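Here the structure is a predicted model, which is why all the values come from computation and not from measurement. To find a chain, count down the sequence lines: A is the first, B the second, and so on, and within it residues start at 1. Only this structure's heavy atoms are used, side chains among them; waters, hydrogens and symmetry mates stay out.
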Number of protein chains: 2
Amino acid sequence: MNTKSVRTIADIARIANVSKATVSRALNDSPLVRAETKKRIQAIAEEHHFRINIPARNLSTQKSHTIAFVTNAYHVKAFSMEDLFSLEIMGGITNGLHPLGYEMLIVHVDPRDSEWATQYLESGRVDGFVLMTSSKKQSHIKTLLDIHAPFIVWGVPQANANYCSVTADNVTGGRLATEHLIQIGRQKIAFLGGSDYEREVQERLKGYEQALQNVGRQVDPNLLVYGDYSHASGYAAMEQLLDQAPDLDAVFVNSDLMAIAAINVIQNRGKQVPGDIAVVGYDDLSIANYNNLPLTTIRQNIPLAGKLLAENLVQYIQTGVVTNVTLPVELVVRKSA
Amino acid sequence: MNTKSVRTIADIARIANVSKATVSRALNDSPLVRAETKKRIQAIAEEHHFRINIPARNLSTQKSHTIAFVTNAYHVKAFSMEDLFSLEIMGGITNGLHPLGYEMLIVHVDPRDSEWATQYLESGRVDGFVLMTSSKKQSHIKTLLDIHAPFIVWGVPQANANYCSVTADNVTGGRLATEHLIQIGRQKIAFLGGSDYEREVQERLKGYEQALQNVGRQVDPNLLVYGDYSHASGYAAMEQLLDQAPDLDAVFVNSDLMAIAAINVIQNRGKQVPGDIAVVGYDDLSIANYNNLPLTTIRQNIPLAGKLLAENLVQYIQTGVVTNVTLPVELVVRKSA
DNA sequence: CTCTTTCTTGCAACCGGTTGCATTAGCAAC
DNA sequence: GTTGCTAATGCAACCGGTTGCAAGAAAGAG
């Protein structure tokens, strides 16, 4: 129980001999209050360690200054390595939100539940959503559009879409990865993609195809496999690749986690990385550097992506301006290729 | 802008021909309202997809139903692998909070800032804190105690402390790890600890010492080194160990991440794990299983720890009852030892 | 039938901050 | 000295839900 004698704006008003309205305006730096009055009030508030009551402010302004980070890890008891991408981008998002006076809630979403968005938005609990889910993403986007919810998406937006997004240049990423493998002399270059229905994966494939075609090579369907970004799926996909094309000497993998799984498979089959098979990953998560065999990978600037997701969503909430950002990618050469 | 015609309890009251008070009581399942009236009101609310306004409820009840997850990753632009422990326990915490109607904010804390706790608590933004920081933990505990903030700590509580905590049995963990290494025939067993001022590390050392003494062996100070749980510190500590005792044939490492770093050092010096040097880690994070050489490790039940952190903090907020829980640990034998 | 007790629901004040509009003081122009 | 305009501040209603206490209805006992 808080027994401080100075707890509300009314208390500050009594001490400063002004009205609550003047105190509220002074603490919010309103131009309607004379500068010397404002300074005096702010000094009194500081002296008494005054804290404005956030629920009261939220009620009267009808804003929560809170963003929901929507992840689909609802089904697990705990986060894991599989969620490292979310973890890393989360840090960038909270760093972007904090200077703007916003907080971030983590929201697990059951993809079968169509009420989750209204439950958070129409109750006034959050002002908007950062959508990270990959399963049922289109369905979630539709849900959010239907209720006119402010949101931003990590990933390639739908054609003709009118919502905010931040993505990276996947075509260039695919091309850079493949060009590197070509440049170091690899002859039989495989593609281990994420979920094949995703635009990002399709664009990385396009970049891979472009790089091959640029040197007069053809795409071999036996060299194309897909996972779902999980470690297990990367493992299985790499096994399938080696079964289908035992003589492949390079693989471009659509995520660092699947790349590490692929390396495990390669090494377990008695082959050397990068000697026998060169491996390029994607994302440049921290694990890429920590792996005993540091990963050559395509860096998406995840801290910057997080920061822009935050800032662009808040800008949309405040102004209604929709922004779509495509970040550049870069090849990071380490030891796996 | 929400143009729904049924937005507030007053709207439901008008439709149901009762007062706001009755609607509020019905939606909160109060026994003061007749059962048939309650049913009727709940049906009307359901029919109109009514959502109670959370800021208004928070203001009138003076509760936010929000918990702050306090981590000290304030200094980085993004989370990383170093934060995998926090990520994994975070999942357990949100799973524990959600059925209780609570949300979780992630709060970065500058250890030099002494106002962070009042900033969140006295503004009514959060109802309590889960304290995960390891740097300046004692200082944060003092800060929270000074302002009578509800909180719970992951880790061993201070002697005579009167606050909630969840920890695991570190002495047993240290003993189990060392006994296992003894049992598989290792002669020169090293200890690579976390930060040596931490009670957890001291307790794990005690377990290590007990196991050695139980078989008539002495503790060799040249076999004791400390890191700070970071990958880099684990790497450096293992290098120091091998410099000091090139003939060691086992090492008990106080975290999975440092264990992986240790394995990297061992392999980079041309030695085999577990052939030349057996390695046991701690925590049983998801990475322990994903590593190409799956880690033998001491499992702390992280999902359960997270769930209990959540439930016991909410119980303290609601009832004032302080609970301290020590979870059992277990040895998980994989391939590194 | 009357009185007392209990049940059910309503009244309205409160939680604390925001802000449109009103009021008053001060200043400048005539 | 008067009038008109602007600046500074105050008033009080509002944001929406909660709940202590009051009022009235219903039921039971005598």
Side-chain angles (χ1 to χ4, degrees), chain A residues 1-42 44-45 48-65 101 121-125 127, chain B residues 1-42 44-45 48-66 101 121-125 127 318:
Chain A
M1 194 65 62
N2 192 335
T3 53
K4 271 174 71 180
S5 61
V6 177
R7 289 201 307 111
T8 70
I9 277 185
D11 297 325
I12 300 290
R14 194 170 22 79
I15 294 167
N17 209 24
V18 293
S19 72
K20 277 171 47 181
T22 300
V23 175
S24 180
R25 292 191 179 105
L27 296 185
N28 284 296
D29 213 24
S30 168
L32 299 177
V33 177
R34 194 160 38 112
E36 71 182 53
T37 304
K38 193 188 290 182
K39 273 187 169 54
R40 194 165 63 82
I41 291 169
Q42 286 172 350
I44 292 172
H48 291 93
H49 301 288
F50 176 73
R51 301 284 177 200
I52 201 157
N53 185 289
I54 297 295
R57 184 199 64 177
N58 291 354
L59 175 60
S60 64
T61 60
Q62 297 185 316
K63 296 286 184 194
S64 68
H65 296 87
L121 187 76
E122 292 186 11
S123 65
R125 186 175 262 142
D127 294 339
Chain B
M1 191 66 62
N2 192 333
T3 54
K4 271 174 70 179
S5 61
V6 176
R7 291 199 307 109
T8 70
I9 278 184
D11 297 325
I12 301 289
R14 192 169 24 78
I15 295 169
N17 210 25
V18 292
S19 71
K20 280 170 46 184
T22 300
V23 175
S24 179
R25 293 193 179 103
L27 296 183
N28 285 296
D29 213 24
S30 169
L32 298 180
V33 176
R34 194 159 40 109
E36 72 180 54
T37 306
K38 191 187 293 184
K39 273 187 171 53
R40 195 164 63 80
I41 291 168
Q42 285 171 351
I44 292 171
H48 290 93
H49 302 287
F50 176 72
R51 301 286 178 198
I52 202 157
N53 186 288
I54 298 295
R57 184 200 64 177
N58 291 353
L59 175 61
S60 63
T61 60
Q62 297 184 316
K63 296 287 184 194
S64 67
H65 296 86
T66 304
L121 187 74
E122 293 186 11
S123 64
R125 186 174 263 138
D127 294 338
Q318 290 177 344

Please state how far atom [atom1] in [X] lies from atom [atom2] in [N], giving the value in whole angstrom units.
X: B:Ile12; N: D:dT18; atom1: CD1; atom2: C1'; answer: 16 Å
X: A:Asn17; N: D:dG10; atom1: CG; atom2: C1'; answer: 12 Å
X: A:Ile9; N: D:dG10; atom1: CD1; atom2: P; answer: 13 Å
X: A:Ile41; N: D:dA8; atom1: CD1; atom2: C1'; answer: 11 Å
X: B:Arg14; N: C:dG10; atom1: CZ; atom2: C1'; answer: 17 Å
X: B:Asn58; N: D:dT18; atom1: CG; atom2: P; answer: 10 Å
X: B:Arg57; N: D:dG17; atom1: CZ; atom2: P; answer: 11 Å
X: A:Lys39; N: D:dA8; atom1: NZ; atom2: P; answer: 14 Å

With a 4.0 Å cutoff (strictly under), does any side-chain N or O of [X] reach OP1 or OP2 of [N]?
X: B:Ser19; N: C:dG10; result: yes
X: B:Gln62; N: D:dT18; result: no
X: A:Arg34; N: D:dA7; result: no

Check: If you pin A:Leu32 and A:Ala10 to their nearest nucleotides in DNA chain C, which one's is more 5'?
Finding: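 Between the two, 5'-proximity favours A:Ala10.
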Notebook entry, point to check: Of the candidate nucleotides D:dT9, D:dG17, C:dG16, which contains the atom at the shortest distance from the side chain of A:Thr37?
Noted result: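 Taking heavy atoms from C-beta onward, the closest nucleotide is D:dT9.
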Next item on the list: Under 4.0 Å between any heavy atoms, over every strand shown, what does A:Ser30 touch: base, sugar-phosphate, or nothing? Just pick one.
Entry: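 Result for A:Ser30 = nothing.
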Notebook entry, point to check: B:Leu59 near the nucleic acid: base, sugar-phosphate alone, or nothing, with a heavy-atom cut-off under 4.0 Å?
Noted result: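 Base contact.
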Notebook entry, point to check: Once you round to the nearest 0.5 Å, how far does CD1 of A:Ile15 lie from NE2 of A:His48?
Noted result: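 Those atoms lie 4.0 Å apart.
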Check: Going by number, which of residues 20-28 of chain A have a non-hydrogen atom under 4.0 Å from DNA chain D?
Finding: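 Nucleic-acid contacts, sorted: A:Ala21, A:Thr22, A:Arg25.
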Item checked: B:His65 vs B:Arg57 side-chain heavy atoms within contact, under 4.5 Å ->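 Yes; the side chains approach each other to less than 4.5 Å.
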Item checked: Worked check of side-chain contact (heavy atoms from CB on, under 4.5 Å) between A:Ile44 and A:Phe50 -> CA-CA 8 Å; A:Ile44 292 172; A:Phe50 176 73; over 6 Å; no
Next item on the list: Applying salt bridge (Lys or Arg N to Asp or Glu O under 4.0 Å) between B:Glu36 and each of B:Lys39, B:Arg40, B:Arg34, report the one that passes.
Entry: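 It is B:Arg34; the other options fail the test.
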